[in-house]
Asker: 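I'd like to ask some things about the structure below.
Only a predicted model underlies this, so the values are computations on that prediction, with no experimental measurement involved. Throughout, residue positions are numbered sequentially from 1 according to the sequence presented. What's counted below: heavy atoms across the whole structure, side chains too, no hydrogens, waters or symmetry copies.
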Amino acid sequence: MSLYGAAKVVLAPATRLVWPQRVEGVHHVPARGPVILAANHLALIDPLFIGVACPRPVRFIAKQELFDEGTLPKRALTRALRAIGQLSVDRRPGQSAQEAMDNSLDVLRGGEVFGIFPEGTRSPDGRLYRGQTGLAWLALTTGAPVVPVALAGTERILPGGRRIPSFNRVGVRFGESVDLSAWEGQAHRAKARRAATDAIMAAIAKLSGQEQVPRFAASVKAELPRRS
């Protein structure tokens with residue numbers, strides 16, 4: 001049994017006990033070969049629930065700050081992420097983009113499952129924001145199918161200002177792979193990457209029922225202090 005498998009044997013039952021899960025559409029995840037899981041992003045703990053729900057090992061590129069051990073809940077999350085082989089990336093300017101792309105390509109070229117949150121950061125208000133086009137570049141460059149994933153309820157587990165996690169039900173829904181054939185071979189074209197990414201985000205919205213916002217979540221978050 002792999003380290004990931006051994007960790008999942010322990011983490012999956014414990015996670016389901018604390019946060020009962022309703023999982024749908026697992027059959028949409030290919031049994032073998034490279035695949036991209038593109039999900040909405042509501043909470044820091046989202047990778048854990050996707051990893052537990054998916055029948056195959058999933059690799060995420062997690063921001064370095066996520067491996068913070070400042071509080072007990074954060075230490076627990078850090079241990080869980082490291083146990084299932086998640087990769088950290090330096091998000092300082094000039095560091096993260098190339099490192100993340102290189103690592104992502106390695107995962108997919110190795111025939112693994114790669115998990116990504118195309119919004120780039122957690123939604124500030126529960127709506128679905130514009131996707132980063134690196135997702136489409138990966139899909140069109142590697143030919144890996146993109147399976148949309150919708151998470152629900154994870155934002156209530158550890159909202160801002162709360163130190164003790166709440167115990168509520170979580171939903172994880174996998175959808176049919178998104179048809180990107182209209183942009184095949186066009187990874188080098190910005191318009192094609194944008195159109196393909198928008199198609200993936202529309203598929204996520206259809207699964208999650210979230211309202212779509214034609215802006216990047218990071219831009220909205222940057223404005224929040226000025227509004228207070």
Asker: Are L48 and L151 connected in a single hydrophobic cluster, I mean Ile/Leu/Val/Met/Phe/Trp/Tyr linked by side-chain heavy atoms less than 4.5 Å apart?
Answerer: yes
Asker: Is there a donor-acceptor pair closer than 3.5 Å between any side-chain N or O of R56 and the backbone N or O of G33?
Answerer: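 Present.
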Asker: Let me confirm one number: the CD-CZ distance from E119 to R127, rounded to the nearest 0.5 Å.
Answerer: 11.0 Å
Asker: Between S219 and Y129, does a side chain to side chain contact (heavy atoms under 4.5 Å, CB included) hold up when you go through it step by step?
Answerer: CA-CA 10 Å; S219 298; Y129 284 79; over 6 Å; no
Asker: Could you state the interatomic distance from CH2 (W137) to CD (Q186), rounded to the nearest 0.5 Å?
Answerer: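 Reported to 0.5 Å precision, the distance equals 16.0 Å.
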Asker: Rounded to the nearest 0.5 Å, what's the gap from CD on Q210 to OG on S123? Could you check?
Answerer: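 Reported to 0.5 Å precision, the distance equals 6.5 Å.
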Asker: Shared ILVMFWY cluster between I204 and F216, side chains joined below 4.5 angstrom?
Answerer: no
Asker: Which atoms form the tightest heavy-atom contact between T154 and A43, and what is the distance?
Answerer: O-CB, 3.4 Å
Asker: I'd like to check P34 versus F114 (side-chain heavy atoms, cut-off strictly below 4.5 Å). Are they in contact?
Answerer: no
Asker: Identify the two heavy atoms, one from V9 and one from P13, that lie closest to each other, and give their separation to 0.1 Å.
Answerer: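 Here V9 and P13 meet closest at O-CD, 3.0 Å.
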Asker: With the side chain counted from C-beta on, respond yes when R215 and R130 share a heavy-atom pair under 4.5 Å apart, and no when they do not.
Answerer: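 Side-chain contact under 4.5 Å: no.
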Asker: In Å and rounded to the nearest 0.5 Å, what is the CG to CZ distance from L135 to R193?
Answerer: 12.0 Å
Asker: Decide if atom CD of E184 counts as having more than 12 heavy atoms of other residues, nucleotides or ligands within a radius under 6.0 Å.
Answerer: no
Asker: Within the 4.5 Å heavy-atom criterion, are R122 and E155 side-chain neighbours or not?
Answerer: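 When only atoms from C-beta onward are counted, E155 and R122 do not touch, as no gap falls below 4.5 Å.
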Asker: Can you give me the closest heavy-atom contact between A38 and V146, atom names plus distance?
Answerer: CB-CG1, 3.9 Å
Asker: F49 vs W19 aromatic rings, parallel, tilted or perpendicular, using cut-offs 30° and 60°?
Answerer: perpendicular
Asker: Would D125 and V213 count as a side chain to side chain contact (heavy atoms under 4.5 Å, CB included) if you check the C-alpha gap in whole Å, the side-chain angles of each, and the deciding distance to 0.1 Å?
Answerer: CA-CA 11 Å; D125 54 18; V213 181; 5.5 Å; no
Asker: How far apart are the closest heavy atoms of R156 and S166, and which atoms are they?
Answerer: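 Taking every non-hydrogen atom into account, O-OG, 2.5 Å.
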Asker: So how far is it from L138 CG to Q132 CD, rounded to the nearest 0.5 Å?
Answerer: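 L138 CG to Q132 CD: 12.5 Å, rounded to 0.5 Å.
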Asker: What heavy-atom pair brings L224 and P124 nearest, and what distance separates the two atoms?
Answerer: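 Looks like CD1-CB, 4.3 Å.
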Asker: For a 4.5 angstrom cut-off between non-hydrogen side-chain atoms, does P30 reach V147?
Answerer: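 Heavy-atom side-chain distance check passes, below 4.5 Å.
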Asker: Is there a side-chain contact between F60 and I50 (heavy atoms, below 4.5 Å)?
Answerer: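 In short, these two side chains touch, coming nearer than 4.5 Å.
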Asker: Quick one: are T15 and V170 in side-chain contact, heavy atoms under 4.5 Å?
Answerer: no
Asker: Do you know the tightest heavy-atom contact between R59 and E112?
Answerer: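 Answer, listing the atom of R59 first, then E112: NH1-OE1, 3.4 Å.
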Asker: Are L207 and V58 connected, step by step, through hydrophobic side chains (Ile, Leu, Val, Met, Phe, Trp, Tyr) whose heavy atoms are closer than 4.5 Å?
Answerer: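 No, it is not one cluster - the side chains of L207 and V58 are not joined through contacts under 4.5 Å.
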Asker: Please step through side chain to side chain contact (heavy atoms under 4.5 Å, CB included) for the pair L180 and I200, ending with a clear verdict.
Answerer: CA-CA 9 Å; L180 301 179; I200 295 167; 4.1 Å; yes
Asker: For the atom pair CZ (R173) and CD (E24), what is the distance rounded to the nearest 0.5 Å?
Answerer: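 Result: 4.5 Å between the selected atoms.
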Asker: Quick one, S104 with I116, criterion side chain to side chain contact (heavy atoms under 4.5 Å, CB included). Give me CA distance, side-chain angles, the key distance, then yes/no.
Answerer: CA-CA 9 Å; S104 305; I116 186 171; over 6 Å; no
Asker: Is it true that L42 and V220 fall in one hydrophobic cluster, defined by side-chain heavy atoms closer than 4.5 Å?
Answerer: no
